Number of protein chains: 2
Amino acid sequence: MANADPGDRVTLKDVARRAGVHPGTASRALNAETRELVNGETAERVLAAAEELGYRPNPIARGLKTSRSYTVGVLIPDLTNPLFPPIVRGIQDRLEEAAYTPLIVNTDNDPDRERADIEAMRARQVDGLITATARRDQGLPAGLERLSLPVVLVNRRLEDGARPSVVADDRKGIGLAVEHLLSLGHRRIAHLAGPQELSTGHLRHDGFIEAMRAAGIDPDPELVLVGTAFIESEGERLCNELLDRELEVTAIVAGNDLMAVGCYDVFVERGIDCPGEISVVGYNDMPFVGWFSPPLTTVHLPHYEIGARAAGLLLDQLRDPEIEPAQVLLEPELVVRGSTAAPLARDGQPA
Amino acid sequence: MANADPGDRVTLKDVARRAGVHPGTASRALNAETRELVNGETAERVLAAAEELGYRPNPIARGLKTSRSYTVGVLIPDLTNPLFPPIVRGIQDRLEEAAYTPLIVNTDNDPDRERADIEAMRARQVDGLITATARRDQGLPAGLERLSLPVVLVNRRLEDGARPSVVADDRKGIGLAVEHLLSLGHRRIAHLAGPQELSTGHLRHDGFIEAMRAAGIDPDPELVLVGTAFIESEGERLCNELLDRELEVTAIVAGNDLMAVGCYDVFVERGIDCPGEISVVGYNDMPFVGWFSPPLTTVHLPHYEIGARAAGLLLDQLRDPEIEPAQVLLEPELVVRGSTAAPLARDGQPA
DNA sequence: CTCGATCCTGCAAACGATTGCGAGGCCGAC
DNA sequence: GTCGGCCTCGCAATCGTTTGCAGGATCGAG
């Protein structure tokens with residue numbers, strides 16, 4: 001454990017010299033897979049020498065020879081979106097265990113940037129890619145289809161399952177929200193959907209319809225509105241539009257938490273009591289939504305685990321390129337807080 | 001612009017062969033600084049060949065020789081802390097402009113991990129380091145002092161100013177908060193301070209005392225409590241302790257937003273009206289605190305700019321290692337929301 | 001005692017780029 | 001006509017590892 005001075009780099013040659021062996025031998029002794037090729041005693045001597053000198057293999061040199069960079073590209077839309085930090089953290093932690101380093105870029109959902117980023121990652125010789133950008137118009141981000149680079153998809157899944165992916169079960173998640181509202185007694189439930197080009201927006205929309213039908217309710221088309229982005233202002237716009245229709249509606253399933261917040265805006269503006277007059281449930285369980293007024297009932301996704309699993313799948317693929325691409329589906333969880341309650345009867349009393 | 005098939009990597013040798021020159025010559029032609037060493041016509045031929053083949057220099061091989069990686073290490077405590085994503089995003093964006101890539105690691109404020117991370121970054125040949133870990137017990141993260149690696153400090157500053165740094169003016173920020181409360185009529189103001197080992201905790205504590213004195217008020221020592229971490233539960237604990245003392249107190253300056261939230265907990269529990277009976281101001285302006293109940297008055301820090309400036313300083317230093325280490329001080333800004341109001345007079349009416 | 005097999009280890013060639021050095025060609029000056 | 005200088009370029013070493021190959025030592029079997 002006595003690290004020598006880390007002043008200047010200690011190279012494999014130094015270790016070899018100290019152990020009295022050839023660098024080649026030292027290399028074999030240090031790498032677990034080739035260690036069996038060298039005498040146990042010698043190996044120990046090398047390991048000891050490495051330890052004493054505080055030797056760290058130079059991944060650059062190693063990568064040059066093995067044409068592996070021990071580096072993984074991570075494409076996300078925007079780190080600033082509270083959805084992604086836990087995912088990224090999961091990726092980082094899992095990758096770190098395997099001595100891989102993630103290179104993280106923000107695409108801002110711009111296809112051009114996405115292309116450029118992928119090109120840049122390729123130039124940097126990444127060994128694989130994790131992409132959490134969720135447009136579903138094309139199967140894969142442009143420039144990846146013909147690329148024989150291990151890729152794992154987050155929040156998106158290929159129809160043919162040709163690439164490993166990890167997604168949360170949005171259908172089921174929305175189902176949880178709907179069932180919760182139904183069990184409270186709601187029947188006139190609206191859905192403010194996210195953009196349908198995004199797989200998440202699409203799945204949640206479908207999930208909503210499905211869950212309503214499963215309960216024997218034919219969802220009123222007037223009660224489902226589709227937005228152009230998963231943002232607060234869209235939630236606000238849609239909510240206003242919904243209320244302007246002056247239909248009976250006692251609960252709203254928002255496409256995500258931000259859109260739910262947009263509803264809050266409208267309620268404040270119009271003096272509507274939530275959850276007294278209308279209930280809202282969000283999606284994602286972003287940090288701090290429990291502190292909102294009212295605390296937001298929402299669907300929690302295992303973000304960290306999503307990231308960790310994605311990284312795990314990529315590592316699997318790196319170890320064995322022929323491996324069957326796994327499709328991981330993670331379970332969402334309903335978090336009941338203060339934005340949902342039983343609907344009022346006509347007379348203003350709880351039904 | 002006609003990229004050949006990107007199927008397999010094209011190397012410098014390929015380019016050289018196509019241009020009918022030696023790889024060494026091709027290398028010189030490709031690099032802007034050495035281009036003058038080769039005949040203009042030849043250079044053009046090489047450039048053309050490179051373009052046609054879609055040549056991308058292999059940064060790994062280049063790095064091996066030049067021991068430059070065009071890579072920068074970024075040390076943060078925890079990406080999951082909402083403070084950091086905007087900072088990181090600022091770093092990423094600024095670095096990207098200069099074709100540098102950040103390697104981001106989470107230290108979890110663990111000195112051992114910090115050491116290991118720095119060691120790992122060194123092994124990866126990072127050209128520089130940005131560290132946003134803010135313990136102030138030692139001057140620099142362990143293992144950096146003697147290292148001749150360009151470093152810029154975020155949220156921390158060396159006494160001797162030997163390294164460039166960018167920090168927000170915490171003294172002034174707290175001053176803003178105090179002045180705001182004073183102007184509302186508060187006199188009995190408490191401070192729930194963060195850990196004093198962190199420079200931010202320390203500076204804000206000092207800033208509080210200073211600002212009070214500047215207003216001619218000698219701060220009651222009973223009204224300033226010091227916590228062990230910048231977290232909600234500490235805010236809660238401290239707030240309880242404060243109220244248990246049964247002193248007159250009409251406002252609280254929390255060490256950060258999370259601690260302010262801890263106060264909210266206590267208020268709910270004890271049935272205290274905020275801001276009616278007591279005002280609270282936070283620090284950092286985390287995302288969504290405007291949605292809390294009541295919306296949190298807090299001090300906003302230019303997080304994105306902090307990151308961007310830090311990256312800028314590092315780039316400066318990489319371009320010219322002899323450059324004077326700049327010390328950047330950024331301005332905080334008070335954001336008044338709903339958690340502060342004029343204190344009540346004894347009779348329950350606004351004073 | 002000899003011979004082949006088995007281990008272990010050293011040697012040297014890669015990987016893909018950069019770069020000091022020197023060789024050759026060309027030109028102008030004397 | 002010769003020589004010096006400059007421009008351009010090729011040669012080869014190098015960065016730190018990995019890895020195929022082969023040689024030397026050791027050992028057991030015949």
Side-chain angles (χ1 to χ4, degrees), chain A residues 6 8-47 49-50 53-71 99 122-127, chain B residues 8-47 49-50 53-71 99 119-127:
Chain A
D8 14 27
R9 289 218 67 64
V10 23
T11 109
L12 183 61
K13 214 183 297 180
D14 300 327
V15 176
R17 192 174 327 118
R18 183 180 243 265
V21 298
H22 187 273
T25 308
S27 168
R28 279 182 273 255
L30 259 4
N31 281 47
E33 313 89 40
T34 52
R35 186 164 308 147
E36 46 178 25
L37 294 176
V38 15
N39 183 300
E41 201 174 324
T42 323
E44 254 179 80
R45 202 148 30 97
V46 173
L47 262 343
L53 294 176
Y55 169 70
R56 303 264 169 225
N58 182 334
I60 308 234
R62 185 211 298 265
L64 182 55
K65 180 61 181 175
T66 61
S67 73
R68 282 199 139 199
S69 62
Y70 289 91
T71 251
R122 238 166 64 74
R124 282 212 179 258
Q125 308 268 83
V126 295
D127 295 338
Chain B
D8 13 27
R9 286 218 74 62
V10 22
T11 118
L12 183 61
K13 213 184 297 178
D14 300 327
V15 176
R17 192 174 327 118
R18 184 180 242 266
V21 299
H22 188 272
T25 307
S27 168
R28 279 183 272 256
L30 259 5
N31 281 47
E33 313 88 43
T34 51
R35 187 164 308 147
E36 46 179 26
L37 294 177
V38 17
N39 183 300
E41 201 174 324
T42 325
E44 255 180 79
R45 203 146 30 96
V46 173
L47 262 344
L53 294 175
Y55 169 69
R56 302 265 170 227
N58 182 333
I60 309 231
R62 186 213 299 268
L64 183 54
K65 178 63 179 174
T66 62
S67 73
R68 277 207 138 199
S69 61
Y70 287 90
T71 249
E119 199 30 59
M121 317 248 74
R122 242 164 63 74
R124 282 209 179 262
Q125 307 267 75
V126 295
D127 297 337

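None of the values given here were measured: they were computed from a predicted structure.
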Whole Å only: how far is the [atom1] atom of [X] from the [atom2] atom of [N]?
{"X": "K13(A)", "N": "dA12(C)", "atom1": "NZ", "atom2": "P", "answer": "14 Å"}
{"X": "N58(B)", "N": "dA14(C)", "atom1": "CG", "atom2": "P", "answer": "18 Å"}
{"X": "L30(B)", "N": "dG16(C)", "atom1": "CG", "atom2": "P", "answer": "16 Å"}

Report the distance from atom CD of E44(B) to atom CG of N39(B), rounding to the nearest 0.5 Å.
-> 9.5 Å
Interatomic distance, L64(A) atom CG to K65(B) atom NZ [nearest 0.5 angstrom] = 12.5 Å
Taking only residues two or more places apart in sequence, or in another chain, which ones meet [X] in a side chain to side chain donor-acceptor pair (under 3.5 Å)?
{"X": "Q125(A)", "value": "R9(B)"}
{"X": "S69(A)", "value": "D127(A)"}
{"X": "R35(A)", "value": "none"}
{"X": "R124(B)", "value": "T101(A)"}

Of all nucleotides in DNA chain D with an atom under 4.0 Å from a non-hydrogen atom of chain A, which is the first and which the last going 5' to 3'?
-> dG16(D) to dG20(D)
With a 4.5 Å heavy-atom cut-off, do E119(B) and R56(A) have their side chains touching?
-> yes
Non-hydrogen atoms of V46(A) and V15(A) that approach each other most closely | O-CG1, 3.9 Å
If you look at every heavy atom in T42(A) and V21(A), which pair is closest and at what distance?
-> CG2-CG1, 3.7 Å
May I ask you to say what P59(B) touches in the nucleic acid, namely base, sugar-phosphate or nothing, with a heavy-atom cut-off under 4.0 Å?
-> nothing
Respond yes when some side-chain nitrogen or oxygen of S27(B) is under 4.0 Å from OP1 or OP2 of dA17(C), and no when none is.
-> no
Residue closer to the 5' end of DNA chain D, L64(B) versus T34(A) (nearest nucleotide) = L64(B)
Using a cutoff of under 3.5 Å, can you pull out all pairs of nitrogen or oxygen atoms linking the protein to nucleotides 8-11 of chain C, with atom names and distances?
from	atom 1	to	atom 2	distance (Å)
dT9(C)	OP1	T42(A)	OG1	2.4
dT9(C)	OP2	N39(A)	N	2.9
dT9(C)	OP2	T42(A)	OG1	3.3
dG10(C)	OP2	H22(A)	N	2.8
dG10(C)	OP2	T25(A)	OG1	2.7
dG10(C)	N7	R28(A)	NH2	3.2
dG10(C)	O6	R28(A)	NH2	2.9

May I have all residue pairs that pass salt bridge (Lys or Arg N to Asp or Glu O under 4.0 Å) and include part of residues 10-24 of chain B, sequence neighbours excluded?
-> D14(B)-R17(B), R18(B)-E52(B)
If each end axis of the helix from dC1(C)-dG30(D) to dC30(C)-dG1(D) is fitted on five C1' pair positions, the angle between them, to 10 degrees, is 70°
With a cut-off of 3.5 Å and sequence neighbours excluded, list every side-chain donor-acceptor pair involving residues 25-34 of chain A.
from	atom 1	to	atom 2	distance (Å)
T34(A)	OG1	R28(A)	O	3.0
T34(A)	OG1	N31(A)	O	3.2

